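One structure is given here, and the rest of the page talks about it.
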Amino acid sequence: MVEVVKRVRLGEALIAAGLLTEKKLEVALAEQRQAHRPLGEVLLSLGFARPEEVATALAASMGIPFVRGRDLNPDALLVSVLDPDFIRTTGAYPIRMEGGVLKVAMVDPSDPQKVEQVRARFRSSLDLHLITDGDLEVLIRRLDGEEKGSLDEELRTASGQLDYPVEQVVQALFQDANAAGATDIHIEPEEDLTRLRYRLDGVLQPVHTLPQEYTASVISRIKILSNLDISERRRPQDGRLRVNVHGKEMNMRVSLMPCANGENCVLRVLDSSAGGVQLGSLGLHGKTLSVLKAIPRRSHGLFLVTGPTGSGKSTTLYAMLAEVDAIHRKVVTIEDPIEYTMPLVRQTQVDSAVGFTFHEGLRSILRQDPDVILVGEIRDKETADMAVKASMTGHLVFATLHTNTAVGAVARLIDLGIPPYLIEDSLVGVLGQRLVRRICDGCGEDQDPDEQHLKLFGENHGRPRKGTGCNLCNATGYSGRTVISELFLPDDEFAGCLGEGFDPKALQELACKSAMQTVFEDGLEKVRMGVTTLDEVERVGRGHRLTPGELEDI
């Protein structure tokens, strides 16, 4: 038990842990002197360290444990009396009381005033642990405090009052979505009411209904915040908005489309923390993780990430860019839109309204003397051709491509008109991925393997688990998501396959022959490890064609 911890020099702690170089520390200290900001913030903004790296190094230097929010299982009775404002003020989240000692996770346990505030509030000895600010905010969102139900309260208050300020309803909507951890907000007008649904961990969940008389006003308010034309209701519109939710900026991409009963509105919540995600935290492991950490050190070549919309492709590419030495290499991106800003990276957004396409943007980027290029998406022959040729002229190119499998990227490039011999010379690897929901840490329980589980895994069935549903996961049994992936690495046999005339089926057989683990097989491994469930892997990891068994059920 540690109640008082010593303050440490963050730079020295990171260097001692091997997470920072002397050169990078000098750059960060120079930036700190100009910006007058804490060193930790400067290191994070420059991309020299990640939140968990900083926290781990600080905890080790202070002699206290570092904890991750997803690994905590707070006491339900204690959680019921917690105050979000107190937690934000002190940066402390009490976990549980054991033997008169309170286990508490703190962002800055070296601050004696904040430690004393916690001790005075709970009148007990403290067992201090270190937690990141991001993890603390996630824990706060899970509280059944004033954030939860605020939208219900606003709608109840507004009921029957046509002159009720719609600004408060819209703000409550954003607060409610933020508290729930929604990645998308769907506002869907019907004949008698408007449905509100959130996408939580990749799955749409109904959450509220909005009285029909408020729908037009709510949509107009969102248009105003997004700088869109409030008088235009017959054509689709796209925009972006930023709002302040509990002192933090919430960025959203807005899409409006006319439908039978009004305008359908979808707001995509952009997670600003994704730009600082580490490869190791995505759920990648083994050879795949090693290869993805090695690729950013290459001098040239084309690396693709494939998968459907919402499968985390951009996040994976940002995590790979974070591995690039951006101090000594010029890193430039062309995106649509720029979802996350990264330090030391020159980021450009396409604008089709003025003819600034991926192709034109990439052409301009090549005049900027880049070393590393990220292309948000290869959509056409011109962009594909330029990306391939750039990768063959001394540039390392990262890009996304919409295909169902990693090997399918080769067929897609050929369909776009890229000659097979250019693909052979330029392509260094393709990662295909999906996102599956993780079993909730708060309610996950070990299960006895059923017949299907034993059939798939045999005696090596691991520990199947299942979430029973709790307040932490909104009774779904799942909380958070992880990547399941397949990595295709071209080799000499691949070159021979292309040279003999392209055959997609032969290429897939060649990839499997080379021991490539498919997305579905990687998902099964995570089931065996107790990370997710077989139902979840089946939902996202099966092929796009119906299996014989599924056909029999029709």
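Just so you know, these numbers come straight off a predicted model, no measurement behind them.
To the nearest 0.5 Å, atom CG of residue D385 and atom CG of residue L422 are 7.5 Å apart. With rounding to the nearest 0.5 Å, the separation of OG1 in T476 from CD1 in I439 is 11.0 Å. Separating the CE atom in M320 from the CG atom in L292 is a distance of 4.0 Å, to the nearest 0.5 Å. To the nearest 0.5 Å, atoms CD1 (I185) and CZ (R197) are separated by 13.5 Å. Between L431 atom CG and F488 atom CZ the span is 13.0 Å, to the nearest 0.5 Å.
Annotation: M392, atom CE; neighbour count of heavy atoms from other residues, nucleotides and ligands within 6.0 Å is above 12. Counting non-hydrogen atoms of other residues, nucleotides and ligands closer than 6.0 Å to NE2 of H300 gives a total of 12 or fewer. The environment of CZ in R233 is sparse: at most 12 heavy-atom neighbours from other residues, nucleotides or ligands sit within 6.0 Å.
No donor-acceptor pair closer than 3.5 Å links the side chain of K293 to the backbone N or O of E323. A donor-acceptor contact shorter than 3.5 Å links the side chain of E486 to the backbone of A406. Between the Q517 side chain and the L487 main chain, no donor and acceptor come within less than 3.5 Å of each other. T532 contributes a side-chain N or O that, together with a main-chain N or O of R437, makes up a donor-acceptor pair within less than 3.5 Å. Side chain of T306 to main chain of A409: no donor-acceptor pair is present (N/O by atom type, distance under 3.5 Å, no hydrogens or angles). With E382 contributing its side chain and H359 its backbone, the two residues share no donor-acceptor pair below 3.5 Å. A donor-acceptor distance shorter than 3.5 angstrom exists from the side chain of T393 to the backbone of A390, with no hydrogens or angles considered. No donor-acceptor distance shorter than 3.5 angstrom exists from the side chain of D351 to the backbone of F356, with no hydrogens or angles considered. With T333 contributing its side chain and E335 its backbone, the two residues share no donor-acceptor pair below 3.5 Å. Between the side chain of S226 and the backbone N or O of I222, at least one donor-acceptor pair lies under 3.5 Å.
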Hey, mind stepping through R268 and D184 against salt bridge (charged side-chain N to carboxylate O under 4.0 Å, His left out) and telling me if it holds? CA-CA 5 Å; R268 176 77 181 273; D184 300 85; 3.8 Å; yes
Might you work through the salt bridge (charged side-chain N to carboxylate O under 4.0 Å, His left out) test for R379 and D336, ending with a clear yes or no? CA-CA 11 Å; R379 298 177 178 174; D336 182 24; 3.2 Å; yes
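Under 3.5 Å, the side chains of T533 and D535 contain no donor-acceptor pair of N or O atoms. Side chains of D176 and H208: a donor-acceptor N/O pair is present below 3.5 angstrom, by distance only. In this model, no donor atom of one side chain and acceptor atom of the other lie less than 3.5 Å apart for E232 and Q237. Judged purely by distance below 3.5 Å, without hydrogens or angles, the side chains of H328 and D371 never pair a donor atom with an acceptor atom. Judged purely by distance below 3.5 Å, without hydrogens or angles, the side chains of T316 and Q433 pair a donor atom with an acceptor atom.
Using a cutoff of 4.0 Å between basic side-chain nitrogens and carboxylate oxygens, E536 and R438 are not scored as salt-bridged.
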